[in-house]
Structures are given as C-alpha cells and as structure tokens.
Protein chains: 2
Amino acid sequence: MGNVTSLQVAERAGVSQSAVSRVFTPGASASAKTVEKVRKAAQELGYRPNMMARAMITGKSRIIGLVVAYLDNQFYPLALERLSNALQAQGYHILVFTAANSRADVEEVMQELLDFQVDGIITASVGMTSDLTARCNAAGIPVVMFNRGQDGAGVSAVTSANVAGGETVGRYLLSCGHRNIAHISGWQGSSTGRDRQQGFVNVLTQAGITPQIIDGMYDRDTAAAATRTLMAQDAPPDAIFVGNDHMAFAVMDTLRQELGLRVPDDVAVIGYDDVPLAAWAAYDLTTMRQPVNRMVEATVATLLARLTDPTAPAKRIEIDSPLIRRGSTKGPKA
Amino acid sequence: MGNVTSLQVAERAGVSQSAVSRVFTPGASASAKTVEKVRKAAQELGYRPNMMARAMITGKSRIIGLVVAYLDNQFYPLALERLSNALQAQGYHILVFTAANSRADVEEVMQELLDFQVDGIITASVGMTSDLTARCNAAGIPVVMFNRGQDGAGVSAVTSANVAGGETVGRYLLSCGHRNIAHISGWQGSSTGRDRQQGFVNVLTQAGITPQIIDGMYDRDTAAAATRTLMAQDAPPDAIFVGNDHMAFAVMDTLRQELGLRVPDDVAVIGYDDVPLAAWAAYDLTTMRQPVNRMVEATVATLLARLTDPTAPAKRIEIDSPLIRRGSTKGPKA
DNA sequence: ATGAAAGCGCTAACAA
DNA sequence: TTGTTAGCGCTTTCAT
C-alpha cells in the first residue's frame, strides 16, 4: 500500500499498463468493462497514481508556488487560506515559500520555485524585478502578484483600487471636518503604499492642505514611533490615515495607552485592509476594506486562465474597495 | 532557459550526462576539472536540475505536507511561518493543505498528500484517526502532529505541557484570591482543550472548588455567547480561564464593550498561547505562553530524525510553558 | 573518476 | 478501444 504501481494493477486486472493509465487519466477513453476491472484491482491494491511521475511527463505539477513575506499582518494568512481553498477546489496545491522582501531573497526563492517545476506563481506582498519577470516568462510560468502592482508589463497583478482608496480616505477625513491631518504611510517601496498615499495627497492638496507624512514601513514599531513623533509637535494632527490596519492597531495602542489620548475624540484614526481584528470591539477601526474574497477569486481566475491558455496576456486587475465607517472616526457609522 | 536538460549541459561541457548528474548530486565524486567544466556550461545555459525527475528516482521529494484547519487564530500563521523557515533552511518546502477538522475532510486531504509523494507530514490543529496513522506508517511517511496530542502510538506529537499549564492557571487564579471561577474551554474534541481543562479542574477540585465550564469550541462567537451566559447568572464568576487567546479576545470584547465590565477589576481573564496580539496594549492579556519557536524546533527535529532514519520511533514531546502575567488579571505583573 | 546503460512510474503517440 | 513502444530528466549500478 502506498507504493503500488500501475503495472501491478494491470497484472491483477489482466489488462495492459496503459489501460490502467487511461482509467486514471481524466479525458482518456476506456470501455466500461476495462474501467470496472481496473478500478477493482486498484481498490484492492490501494493504488493511487504517482503525481510526480505524471508531472514529469505532462510537464504539469499542479503545484502553485506562493511567495509570501510576512504572516504577522492578519491580511495575508487570510489570503493564504482563501487562496489555498480556491486552488484546492481546482486540483491545485500551494507550495509555500517565505522570503524577506529583499531582492536577493526573492530572487533565490523564485529560482527554487522554478526548480520545483511549479505550474504558476503567486507572490503576496512581494515585489518582482523585471529580470525575475523575464525569467518566469522565459520558463513559461505565469506569475500573479497579489496585493502588489507592477509598472512594467509581463506580470499579472491583482490589487484593490489603491489610488481611489486613498482619495476616498482623504475626502472622508475632510468631510469629518479635519484639517490638520497626518499620514503614516505604507512602505514606499511598495506600489500599494505609494498608490494609497498618492490618492490621499491628491485630494488634500486640492483642498489646500499638505499632510505630514511618515513612512510606517508596514511595521508596528515604526508606526508607533511615528505616532509619538507626530503627537509631540506643537500642533499635533487630529486625524491620522495609516497605510494598513496592522500599523493602525499600533497607532491606536500608542495613542490610547501610552499617550492617554482618546480615539476618535482627540485623534481620529483610519486604516486600510479591514482585517477581522478591525471589527473587534477593542479597536472598532474605520478602514478601507480590501475585499479578500474577490481579490482571491480574481487571482485564481487570472492564473488559471494563463495556465489553460499560455498565450493569454498578463492582466492588471483592480478591485474597488469600500470605506467601512466605525468608531475610530467621528463621522456617521456604516 | 528554464528547460535545459543535463544532456545539453553534458554536450556543451564535453562530458557524459552522468558526469553532470554527479556534479549536481551532493555527495557524488567528480574531478575538479569536470566540476569546473560542467559548472561553466550549466551557468551559460541556465541549467538547474529538475527536482521532479530527481524525486521520482530517489523517492524523496523534499516536500513536507502541512495540514492546517484554520488560519484565523494568530497562533497558526505564526507556526506556519516558522515551520516554513526552519524547513526551508534544511532544503525542504511546505505544501499546504487546508482541511476542516472533520474526519472525512482530513482523510481526503491526507490521501492527496500521499499522492504528491511528500516525504513527511505535519498536521497543525488537526486530529488523526488511527486508520490514517496506519496508512501513513504503511506508506513509510512520518507524521508529526503539531499542537495536538494522540493517545495511540505511531505518530509523533509536539505540544506544550497542557495539563501542567492548566494546573498553573488554576493555582495562579486561586493565589489571586478568586474562588468563583469559570472556564470557557478549548474544544473538547481536541487533546489540547481536554488537557488544559483537566489540569485546571484538578487544581480547583483539590481546593474544593468546582468551576463552571462551557466548551468554547475555539470559536469567537461561541466564546462570546458563553461569556454572556456566564455573566447573566446570579453569582457571575470573577475570573474566567479561556482555552486559548483567540477566544479570550472575544471574551474581553464582550465583557468590556457589551457588558460594560472592567477587566480585571470586575472579571479577570486569562488565555492560552500568548500570540503577539495578547501583548498589545488593547488587550494586555495574561496568558500561558506556548513557545512557538521551541515547538517548531522540536517538530522539525522530530520529523528530520524520522526522515533520516525511518526506524526512529515516534516521539511525544511536551514543551514547558510559562505563565505570562499581564494586565487582564490582578496579581503582580511579570 | 568516468561513460554506458538501465530504469524510476507514468503518459502519449502509434499500431492493431 | 486496446496493447506496444518510446520516452519525460534524472540517479545509479556497472564496467572501464
């Protein structure tokens, strides 16, 4: 059991080895009689086709490589879970690679991924160099970036509409009456961080306001430090737009427990992602929702499309994100 | 690039195909001259050995299957990340399978895992049936259960010392002066849930106290409902031991925001796991720390040991867990 | 140390 | 529909 070959099944069933193969190959033809005999013999022997051998011939491993940087931001485990489920439903599985977000690290990991003959690659929160893109394209392996955009073509990317999202946040904060607004931005080395900031600044600039900006690097400690810096000023902001929820929680912790300020009375806070924790009573965070389910669907669909038809062009998909009004800002709640 | 074979490298280097194989096979011998020539040719062609082909021959895929139920409890993504890193350092990679914690689901997933010829399996927060254990053993594939114990032998299991942990919690709560204590337990279908409860009840019983117990099923909503039930009584508890942090956060949310009670002044709360969020100011949760790093190390070590030497016996490892005193209980802080 | 040859378990022409 | 025959890209005897 466990190491039964198709040949053994063939002998027991009294058919050829290829007959066995056909019975287990979707879309191959065999007579009802043969199928019956083979299934029976396979059952008795506990036979299951060897995926590795199949993969070597067909060139399809049914494995998708997932490159992910950090799992401490709740958004990514969630995405991973959904991604895994969606892919599993299609008969694919996820080989997980963790990589710090440095070029060298990503490069090495991608190479390993190619070694494993993965059918496709999803990168979550990780940037691609154009060299890497070229390598994957040359190898004929479709890549979809999840929650990161890319300027140069050749890679598919699924994000939410981050520029528009930043604009929404800007307009909302203005509508709440805030004029002294700060932004603890997402990492400026990431497209998401830059886009959100850009949309936000656009709107404020048009209102004649120049927000103070500090790069929070998607890091709790950095965001906490930024909060201290911001609030230690002569005219501290009365609203802070934080580049993602993960940092926003740190900002709220710092504001409330360390500085003794009230949210939203003294300072309003707004995040980005709408991870489950944002809805929990302890934070009740107003935030831009990134619809994980829809982003996952789009990611899987894009990947499968290119798997089915390798000539399908790389796509760039943006999912709209709604503002979720909660208790960390003063406006009307949703 | 990407589909270069060892034969092409051999031709370019002017050596045999097996020479190329030797150069890329750890522990094979080749002259410095050959190595030099082969490496050069491989470099120029962008050759990398095909892991699938190698796997088929050696019978070793260098892939470890990870079965995980839910990723919304912060403890598991963290474990996944560490596990992935540790395994990656040893040249192994993780194929992730998500499975609801039902027997049928786990069964199916395990079978798929075997199809992929994984070298070993780690199950996180998932139970094993003895039938499944037998199947994996028959296939010669070592299984290590992470954060779940198993009575019958044949599988390795790494947990923290949950019975002792429950006892520690019991003693601590008593030492804080609590006498009316409730327990929202971990799922009683899991060994961890049962063990923690058992240790806890042992200690309280010896002190002549019978705690009220409700199964929280490791679920936020269930835990919140349990909290309401508990506090709606005539003599509500002044301390609640919750089966894991994930539920404890829901308990605190319910207590503070919904019921308007203060923690720990009105009710003390203590959790289990010490996920990062437990240390954040918003919760500041007293909890039993499950040392993820040490548990991961033990898991990887156990797995590798059985991979190296298949005759190595299945091991049951318990890691001690310390009590982390924070603000959700009244005693002295750590 | 190296090359030739034999497979690993399977799928995919090709005949029959 | 079925069996026969080649391989997929590699590791591993076995000679040399």
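Here is the naming used below: chain letters follow the sequence lines, and residue numbers restart at 1 for every chain. Side chains included, hydrogens not; waters and symmetry mates left out as well; all remaining heavy atoms used. Because the structure is predicted, anything quoted here is derived from the model rather than measured.
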Query raised in the report: What about B/Ser18, does its side chain sit under 3.5 Å from the base of C/dA4 through a donor-acceptor pair?
Result: yes

Query raised in the report: Does A/Thr5 have a side-chain nitrogen or oxygen under 4.0 Å from the phosphate oxygens OP1 or OP2 of C/dG9?
Result: no

Query raised in the report: Per the atom types in the model, does the base of D/dT2 pair as donor or acceptor with the side chain of A/Thr34 at under 3.5 Å?
Result: no

Query raised in the report: With a 3.5 Å cut-off and no angle check, do the side chains of A/Ser18 and A/Ser21 form a donor-acceptor pair?
Result: no

Query - Whether B/His93 and A/Phe97 hold their rings parallel, tilted or perpendicular, with breakpoints at 30° and 60° - result: parallel

Query raised in the report: In Å, rounded to the nearest 0.5 Å, how long is the span from CZ of B/Phe116 to CG of A/Leu95?
Result: 9.5 Å

Query raised in the report: With respect to the phosphate group of D/dC10, does any side-chain polar atom (N or O) of B/Ser21 fall under 4.0 Å of OP1 or OP2?
Result: no

Query - A/Lys60 NZ - C/dT11 P separation (whole Å) - result: 15 Å

Query raised in the report: Between A/Arg54 (CZ) and C/dC8 (C1'), how many Å, whole number?
Result: 16 Å

Report summary line: From CE of B/Met56 across to P of D/dG9 the rounded distance in Å is 11 Å

Query raised in the report: Starting at the 5' end of DNA chain C, which residue's closest nucleotide do you reach first, B/Ala32 or A/Thr58?
Result: B/Ala32

Query raised in the report: Regarding A/Thr98 and B/Glu81, is there a side-chain donor-to-acceptor distance under 3.5 Å anywhere?
Result: no

Query raised in the report: Which part of the nucleic acid, if any, lies within reach of A/Tyr47 when heavy atoms closer than 4.0 Å are counted: base, sugar-phosphate only, or nothing?
Result: sugar-phosphate

